[in-house]
Amino acid sequence: MTGAVRVRFAPSPTGHLHVGGARTALFNWLYARHHRGAFVLRIEDTDRSRSTEDNLGAIVEALRWLGLDWDEGPPAPGYRQMERLAIYREHAARLLAAGRAYYCDCPPELLLRERQAAQARKETFRYSGRCRARALAAGALRLRIPEHGATVVNDLIHGPVTFEHSQLDDWILVRTDGTPTYNFCVVVDDVTMRITHVIRGNDHLPNTPKQILCYEALGYPVPEMAHASMILGSDRSRLSKRHGAVAVQAFRDKGILADAMVNYLARLGWAHGDQEIFSRAELVELFDIKDVAASGAVFDETKLEWLSHEFLKRLPGVELARLAEPFIRAAGLEAPPAARLAPIMDTLKERAKTLVELVQVGRFYFERPAAYEPKAALTYLTAEGATHLARLAERLGALGDWDAAAIEGVYRALTAELGVKLVALAQPSRLAVTGGTASPPLFEVLALLGREETLARLARARAVAGGGA
RNA sequence: GGCCCCAUCGUCUAGAGGCCCAGGACACGGCCCUCUCAAGGCUGAAACACGGGUCCGAAUCCCGUUGGGGCCA
């Protein structure tokens with residue numbers, strides 16, 4: 001028994017949650033849930049100038065939308081770095097007292113010269129250690145790094161990665177102005193929060209040996225490390241705004257389903273044989289950080305949309321109605337009551353990849369078409385079309401049961417009488433009722449629209465056609 | 001520039017020495033189905049970066065090259 005798993009996700013509230021961060025959060029969450037451990041949310045808000053409450057709110061909201069619930073973290077106190085300054089100070093004092101850290105007052109100009117000299121020799125810049133033995137009482141606090149040897153990061157994804165100490169220097173723990181550095185805060189937070197597995201992005205791998213040396217200086221055990229690859233843009237550079245939408249919120253607003261987003265993010269760098277679609281429970285059961293790929297993965301919005309479509313298709317109409325309602329209202333339309341909306345959703349769901357598309361495709365259900373597709377109107381709203389529509393209206397008006405099967409019966413019978421193909425009646429009708437040439441099956445549409453509305457729309461189209469006749 | 005990571009179809013990936021003249025999925029093309037659009041079915045094109053080893057045998061192991069990415073500046 002090695003004790004319960006404790007993992008964390010530690011965003012900086014300097015912007016919205018982007019997909020890379022979301023995937024890191026997801027991997028941590030999946031790992032915690034799989035091992036029945038704890039998922040901790042910690043806020044790295046020491047960058048006072050760029051951290052905002054709005055950003056924090058947006059990140060929290062995005063995590064909730066994705067369904068990544070945390071066991072510890074805000075709004076409980078003690079999970080924001082700004083609240084933890086005393087803890088960093090105390091750990092810094094301990095390192096100083098133990099002789100594992102020392103003060104340094106080297107002026108920036110000196111450091112700069114050393115750096116340039118190293119650069120000229122084509123070597124890694126490494127602080128000279130000028131202040132190591134000076135026993136200063138103030139300045140920047142540096143960690144004493146062993147001169148020789150190497151530190152090995154035993155990464156769960158990459159395997160052992162060796163860093164020679166000759167490439168590392170006595171890095172700064174606390175700046176002259178008393179503010180702790182990022183790497184120091186992370187180490188102190190992770191040890192005091194008893195984090196057992198650090199799962200984060202590849203970009204932190206070069207920082208890891210410095211951090212490990214700090215854990216050791218502090219006398220704490222080093223947690224397991226796992227560095228997942230970065231999410232890349234189409235040009236294979238680190239994904240950023242210039243590649244398009246990257247904020248989780250943007251995908252929510254586009255109407256991508258949260259389960260699809262989770263599924264997509266999980267599959268980016270991870271696979272389970274040939275399986276593409278996973279329920280949340282399956283992900284929790286099957287995911288293992290050891291199976292995550294070490295190579296970078298390009299973010300492909302097209303595949304994300306495909307997944308969203310797959311989830312959309314599988315959703316019962318009732319559930320979809322609930323999800324789509326806000327999107328219908330956002331489009332400036334009035335949402336019918338759930339009982340009416342659910343069967344409408346069932347006709348729409350295989351025709352839309354997102355909730356936004358769903359509303360676009362089904363717009364005619366919620367309002368009369370404002371106009372007819374011009375090209376189609378020329379083709380179908382002719383004198384002949386008007387005649388057909390008139391005969392259809394007449395028969396539909398006299399129809400007993402108003403359901404799809406009965407309506408289809410009317411159309412079939414009339415095509416037989418007129419000796420025309422079904423398309424000849426269906427397309428003018430579709431145009432009249434939806435304003436376009438593509439829609440869910442016509443008879444279902446008419447059934448859902450109701451007799452009164454159907455007849456009204458047919459009459460209107462007839463008037464337009466008649467005007468030209 | 002130094003250090004670190006990475007390398008299978010355009011993209012996500014399966015593949016942990018023979019099951020692979022490399023499988024699945026997205027996207028793309030064709031055909032079928034069909035009241036339109038979708039959905040669905042069938043089908044096509046498409047990859048082991050390169051060069052050396054090791055081994056009876058390498059996409060799989062080792063080394064190098066090239067390319068890409070990241071961190072620090």
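Convention: sequence-line order gives letters A, B, ...; per-chain numbering from 1.
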If you take the centroid of each ring, where Trp contributes its six-membered ring, are [Y] and [X] closer together than 6.0 Å?
X: A/Tyr372; Y: A/Tyr380; result: no
X: A/Trp29; Y: A/Phe9; result: no
X: A/Tyr88; Y: A/Tyr182; result: no

Q | Of A/Pro441 and A/Asn207, the one whose closest RNA chain B nucleotide lies more 5' | A | A/Pro441
Q) A/Ala352 or A/Glu123: which one's nearest nucleotide on RNA chain B is closer to the 5' end? A) A/Glu123
Does [N] have its OP1 or OP2 closer than 4.0 Å to a side-chain nitrogen or oxygen of [X]?
X: A/Arg236; N: B/C12; result: yes
X: A/Arg238; N: B/G68; result: no
X: A/His158; N: B/C6; result: yes
X: A/Lys353; N: B/A38; result: no

How far does the [atom1] atom of [N] sit from the matching atom of [M], given to the nearest Å?
N: B/G40; M: B/A27; atom1: P; result: 10 Å
N: B/G30; M: B/A45; atom1: P; result: 15 Å
N: B/A7; M: B/A59; atom1: C1'; result: 12 Å
N: B/U43; M: B/G24; atom1: C1'; result: 16 Å
N: B/A58; M: B/G52; atom1: P; result: 13 Å
N: B/C31; M: B/G68; atom1: P; result: 41 Å
N: B/G64; M: B/A25; atom1: P; result: 38 Å
N: B/U34; M: B/A47; atom1: C1'; result: 36 Å

Looking for any heavy atom pair under 4.0 Å, which part of the strands does [X] touch: base, sugar-phosphate only, or nothing?
X: A/Thr302; result: sugar-phosphate
X: A/Arg430; result: base
X: A/Leu268; result: sugar-phosphate
X: A/Arg412; result: sugar-phosphate
X: A/Gly269; result: sugar-phosphate
X: A/Lys421; result: nothing
X: A/Gln167; result: sugar-phosphate
X: A/Ser295; result: sugar-phosphate
X: A/Phe443; result: base

Nucleotide [N], atom [atom2] - distance to [atom1] of [X] in whole Å:
X: A/Arg126; N: B/A73; atom1: CZ; atom2: C1'; value: 16 Å
X: A/Glu357; N: B/C37; atom1: CD; atom2: C1'; value: 12 Å
X: A/Arg351; N: B/U34; atom1: CZ; atom2: C1'; value: 11 Å
X: A/Arg267; N: B/A14; atom1: CZ; atom2: P; value: 7 Å
X: A/Leu358; N: B/C37; atom1: CG; atom2: P; value: 19 Å
X: A/Glu350; N: B/G41; atom1: CD; atom2: P; value: 12 Å
X: A/Leu307; N: B/U11; atom1: CG; atom2: P; value: 18 Å
X: A/Arg200; N: B/C5; atom1: CZ; atom2: P; value: 16 Å

Just name whichever nucleotide pairs with [N], Watson-Crick or G-U, keeping both distances under 3.5 Å, else none.
N: B/A16; result: none
N: B/U36; result: none
N: B/C28; result: B/G44
N: B/A7; result: B/U66
N: B/A58; result: none
N: B/C71; result: B/G2

Q. In a check of ring pair (Phe, Tyr, Trp, His ring centres under 6.0 Å) between A/Tyr264 and each of A/Phe299, A/Trp306, A/Phe251, which one passes?
A. A/Phe299
Out of [options], whichever nucleotide has its closest atom nearest the side chain of [X]:
X: A/Gln119; options: B/A27, B/C35, B/A73; value: B/A73
X: A/Arg115; options: B/C37, B/A73, B/G40; value: B/A73
X: A/Lys313; options: B/A73, B/U36, B/G40; value: B/G40
X: A/Asp274; options: B/G1, B/G70, B/G24; value: B/G24
X: A/Leu205; options: B/U36, B/C71, B/C5; value: B/C5
X: A/Asp203; options: B/G70, B/C26, B/C4; value: B/G70

Q) Taking atom types as modelled and ignoring hydrogens, do the side chains of A/Glu114 and A/Ser128 form a donor-acceptor contact shorter than 3.5 angstrom? A) yes
Q | Ring-face cation of A/Arg115 near A/Phe125 (centre distance under 6.0 Å, axis angle within 45°) | A | yes
Q.
Under 6.0 Å from the ring centre and within 45 degrees of the ring axis: does the NZ or CZ of A/Arg267 meet both conditions for the six-membered ring of A/Phe278?
A. no
Q | Side chain to side chain, A/Glu282 and A/Asn263, heavy atoms closer than 4.5 Å | A | no
(Q) Please give me the minimum heavy-atom distance between A/Leu320 and A/Leu355, naming the atom from each residue. (A) CD2-CD2, 3.8 Å
